[in-house]
Amino acid sequence: MRMRISPSFGSAMASFFKMCRLHTIGRGSVVKCLQKVDTFLHRNIGTNVVAVQEKNGFKSLYAVQAERQEQAERSVLISCHSMTNEKRFLEYLANYGDIQKYFFYGIYAVVEFANKESIASLFEGTAIPGIGMETMMPFKSRLLSMRNLDSVDLRNQPKKRLAQQSIPINELIQRLSKEESIDQQITSLTEAHQLTEESCRLRFLVCSLLKDIVAPFFPECTIKPFGSSVNGFGKLGCDLDMFLDLDGISGKNATMPKSGLFLEYQMKAAKSERIVTQNILSGIGTCMDLFGPGCVGLHKILDARCPLVRFTHQPSGFQCDLTANNRVAMKSTELLYLYGELDPRVRHLVFTVRCWAQAQGITKSIPGAWISNFSLTVMVLFFLQRRNPPIIPTLEHLRDLAGPEDKSVIEDNDCTFVSDFSKIQLESNTETLEQLLCEFFEFYASFSFQTLSINIRKGREQNKPVGDPLHIQNPFETTLNVSKNVNTTQLGRFVALCQESSWLIQQNKTAPSRGGTEGKATITLWGVSNLLLPSQIEEVKRKQNSSKKQKFEPTNQWIKDMLKSMKATNNQQNQS
Ligand code: GTP
Ligand code: MG
C-alpha cells in the first residue's frame with residue numbers, strides 16, 4: 001500500500017509538529033498540543049472521555065468499550081526516540097495503510113490504522129532487533145521502536161517521557177483561585193483532572209497489547225479496562241484496572257446434546273473456581289514477566305480476596321492490576337458510569353470530593369486503613385440520593401426499570417439494573433454545585449456512622465451490623481462492606497475534615513475582588529482552592545481555637561476527644 005497523506009498535509013504536518021515539540025515539557029501544553037493534532041486531523045473528538053454520547057441519548061458503557069476495543073486492535077504503540085522528523089515517520093507508516101488517527105505521548109506515538117490488516121503488513125516490514133550484548137526474547141508485539149539509520153541530530157529531542165499526570169496541586173489551587181464562582185471552580189477542577197481522550201485510548205491499547213500475550217493460550221479472551229479508567233471518575237494518572245474475560249470459554253452456559261456422539265475438549269481440572277483463577281493469573285503473570293515488552297515490576301497477589309497480578313507498563317507509565325473472574329467489579333463500573341452520565345453534577349461533585357480527599361490525605365494510592373476512592377464515590381452517590389428531591393435514583397429503582405435483557409445474576413448476587421437511559425426519569429432538583437459541596441460536608445460531618453450504614457441500593461440509611469467503624473453496603477454483594485478496611489482513626493479524620501471544610505467553605509464563598517499593583521494581580525485563595533491546602537486543617541484548628549463562637553458541635557464523644565487531642569498537640573507544638 002502506498003502513502004495516503006497528501007503533500008500539503010505532510011508539510012503542514014511537519015511545521016505543526018515543530019510547534020508541538022516546543023510544548024512537550026508541560027502536561028497542559030501536551031494536552032493542548034494533542035488536541036491540536038486532533039483538530040488538524042479533522043477528527044471530531046472531545047477531551048472528555050465520558051461524554052461519548054449518541055445523538056439520541058447516551059451510549060452504554062458496553063457500547064463505548066466495544067468501540068474502543070476495536071480501535072485499540074487497529075493501533076500500535078511506537079517508541080520514536082531516535083526520530084526528529086515526524087513527517088518522515090508518518091510517511092513511512094502510511095506505506096502500510098491509511099492512518100486513521102495518531103498522537104504523540106512523550107517519546108511514544110500511538111498510531112491507529114484504518115484497517116486491522118495494516119498491522120499484519122506492518123509486522124512483515126518490521127525487523128527483529130540485532131543482537132548486541134543481550135539476547136532478545138523473540139516475542140513479537142505491537143509495541144515497536146522506530147529506528148533511524150541516517151545521521152540524527154538529537155539536539156531537539158524531548159529529554160524525558162511525560163507521564164499523563166494531573167496538574168500539580170499548587171498550580172491547580174492558583175488556577176481555581178482565579179475563577180469567579182465556586183461552581184466555576186468545581187467545573188475547572190473536573191476539567192483539569194479528568195482523563196483525556198488520548199489517555200483513554202492509551203488505556204485500551206495497553207489492554208489490547210496484553211491480550212496479545214494471553215491470546216495464544218485463550219484465543220477467545222478479552223482484556224477490558226474497568227474501574228476509574230472507564231467509569232467516568234478517572235483522574236489523569238489513575239491506575240489501570242483490567243479484567244481478563246474468559247467467559248466465552250468457561251463452558252458455564254454450554255448446552256450439551258441429549259443423545260448421540262459429540263466431542264469435548266480435555267481440560268485440566270482444579271478443585272475450585274478460585275484455584276482456576278489463581279492458576280490462570282499465575283501463568284499469565286509469568287508470561288507477561290518473561291515475554292511482555294514493557295511489563296516490569298510484576299507481583300502476583302494471588303491470596304487477595306480478588307486475586308490479581310500487579311505490574312507497571314513502562315511505555316504508558318500505567319500501574320496495572322490484572323484480575324480475572326471479577327464480573328461484579330465490572331457491574332459496579334457500569335453502575336458508576338450510568339450514575340455519572342445521568343446528571344453532570346454527579347461527576348463534578350465526585351471529582352471535587354476525590355481531589356479534596358487526596359489533598360487532605362483521606363485517600364492514598366497505597367492500600368491501608370483509609371477510605372478508598374470507590375467508597376468515597378459511593379458516599380457521594382448516596383448523598384445525592386438523599387437530596388430533596390433526589391438527584392439520582394436508588395439502585396432498587398434502577399433494578400425495577402430493568403428489562404429482561406438487563407437481567408444479570410453473578411454468583412447468586414442480583415446485579416440487574418436498567419441499561420436503557422431513556423427509561424430513567426430524573427426529578428427536578430436545581431441545586432448548584434456550590435450548595436451541593438457545602439451540603440456534602442455538612443451531611444457527613446453529622447452522619448451517625450456509629451449506628452447507620454450507607455446503602456445506595458435502598459437510597460436511605462440502614463441499621464448498621466455490629467463491627468466495622470464505617471459501613472457502606474457493597475451495591476451488589478450486599479452482605480459485604482466496601483469500607484471494611486477503614487479504622488476508627490481514619491473515619492474520625494474524615495468526619496473532622498468534613499466539619500472543618502464545611503466551616504471553611506462557608507467563610508470563603510465569594511470570589512475576592514481582583515486587586516493588584518502596577519498591573520500585577522494578586523491571587524487570594526478562596527472557595528474550593530482553600531479546601532485543597534494540605535496544611536489547612538491545622539490552620540482551621542488554630543482559628544477555631546481562637547474563635548469564641550464555634551459553629552459545629554462535634555456529634556460524637558469520640559470526635560470530641562479526637563479534636564481535643566489534636567488541639568492539645570497543636571498547643572504543645574506552638575509552645576515548643
Ligand atoms: P482509583 O483507582 O482510585 O482511581 O479508583 P477505582 O474506582 O478504579 O478504584 P479501584 O482501583 O480500587 O477499584 C477498581 C474497581 O473495582 C472499582 O471502580 C469498583 O468497581 C471495584 N471495587 C473496588 N473496591 C471494591 C469493593 O470493595 N467492592 C466492590 N464490589 N467493588 C470494588
Ligand atoms: Mg482503579
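Everything numeric here is computed off the predicted structure, so don't read it as measured data. Throughout, residue positions are numbered sequentially from 1 according to the sequence presented. When a ligand or atom number is given, it counts from 1 through the structure's own listing order.
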At a 4.0 Å threshold, what atoms of ligand 1 neighbour a non-hydrogen atom of Val482? 26 (C), 27 (O), 28 (N)
Looking at Ser229, Ser483, Pro225, Ala329, the heavy atom closest to atom 21 (C) of ligand 1 belongs to Ala329
Measure from atom 12 (O) of ligand 1 to the protein's non-hydrogen atoms and state whether any distance is below 4.0 Å. no
Among Val378, Asn485, Asn474, the residue with a heavy atom nearest to atom 29 (C) of ligand 1 is Asn474
For ring-ring contact (aromatic ring centres under 6.0 Å, His included), just list the numbers for Trp356 and Phe351, CA-CA rounded to whole Å, side-chain angles, deciding distance to a tenth of an Å, and then say yes or no. CA-CA 8 Å; Trp356 163 81; Phe351 267 96; over 10 Å; no
Below 4.0 angstrom from a heavy atom of Arg354, which ligand 1 atoms are there? Numbered from 1 as shown, please. 4 (O), 5 (O), 7 (O)
Is there a donor-acceptor contact under 3.5 Å linking the side chains of Arg142 and Ser208? yes
Show your working on side chain to side chain donor-acceptor pair (under 3.5 Å) between Gln462 and Asn455 and close with a plain yes or no. CA-CA 7 Å; Gln462 301 291 296; Asn455 186 316; 4.6 Å; no
For Tyr444 and Phe449, take the angle between the two ring planes, folded into 0 to 90°, and tell me which bin it lands in: parallel under 30, tilted 30 to 60, perpendicular over 60. parallel
Nearest-neighbour protein heavy atom for atom 2 (O) of ligand 1, which is reported as residue plus atom name and distance: Asp239 OD1, 2.8 Å
Can you tell me which residue and heavy atom of the protein come closest to atom 24 (N) of ligand 1, and the distance to 0.1 Å? Phe374 CD2, 3.7 Å
Under 4.0 Å from a heavy atom of Cys238: which atoms of ligand 1 are those, numbered in the order shown and with their elements? 4 (O)
What's the atom name of the N, O or S in Asp241 nearest to the Mg ion (ligand 2)? OD2
Atoms of ligand 1 under 4.0 Å from any heavy atom of Phe226, numbered from 1 in the order shown, are 14 (C), 15 (C), 16 (O)
Does the residue Met330 have a heavy-atom contact with ligand 1, meaning some pair of atoms that are separated by less than 4.0 Å? no
Can you label the angle between the Phe382 ring and the Phe443 ring as parallel, tilted or perpendicular, going by 30° and 60°? tilted
Answer whether the closest heavy-atom distance between the side chains of Leu401 and Phe417 falls below 4.5 Å. no
Taking Asn474's backbone N and O only, do any of them form a donor-acceptor pair with Thr478's side chain (distance below 3.5 Å, no angle check)? no
Under a 4.0 angstrom heavy-atom cut-off, which atoms of ligand 1 come close to Gly227? 8 (O), 14 (C), 15 (C), 18 (O)
Between Arg203 and Ser229, do the side chains contain an N or O donor and an N or O acceptor separated by less than 3.5 Å? yes
The Mg ion (ligand 2) - name of the N/O/S atom of Asp239 that sits closest to it: OD1
Thr333 neighbourhood, listing ligand 1 atoms whose heavy-atom distance to it stays under 4.0 Å: 20 (O)
Close side-chain approach of Asp420 to Asp406, heavy-atom, < 4.5 Å: no
Option set Asp241, Leu240, Thr377, Val230, criterion heavy-atom distance to atom 14 (C) of ligand 1, minimum: Asp241
When Gln71, Lys101, Arg74 are each screened for side chain to side chain donor-acceptor pair (under 3.5 Å) with Glu112, the one that passes is Arg74
Without hydrogens or angle criteria, can the side chains of Glu427 and Asn429 be said to hold a donor-acceptor pair below 3.5 Å? no
Could you check atom 1 (P) of ligand 1 against the protein and tell me its nearest heavy-atom contact, residue, atom and distance included? Ser228 OG, 3.5 Å
Atom 3 (O) of ligand 1: the protein heavy-atom neighbour that sits closest, reported with distance to 0.1 Å: Asn373 ND2, 2.8 Å
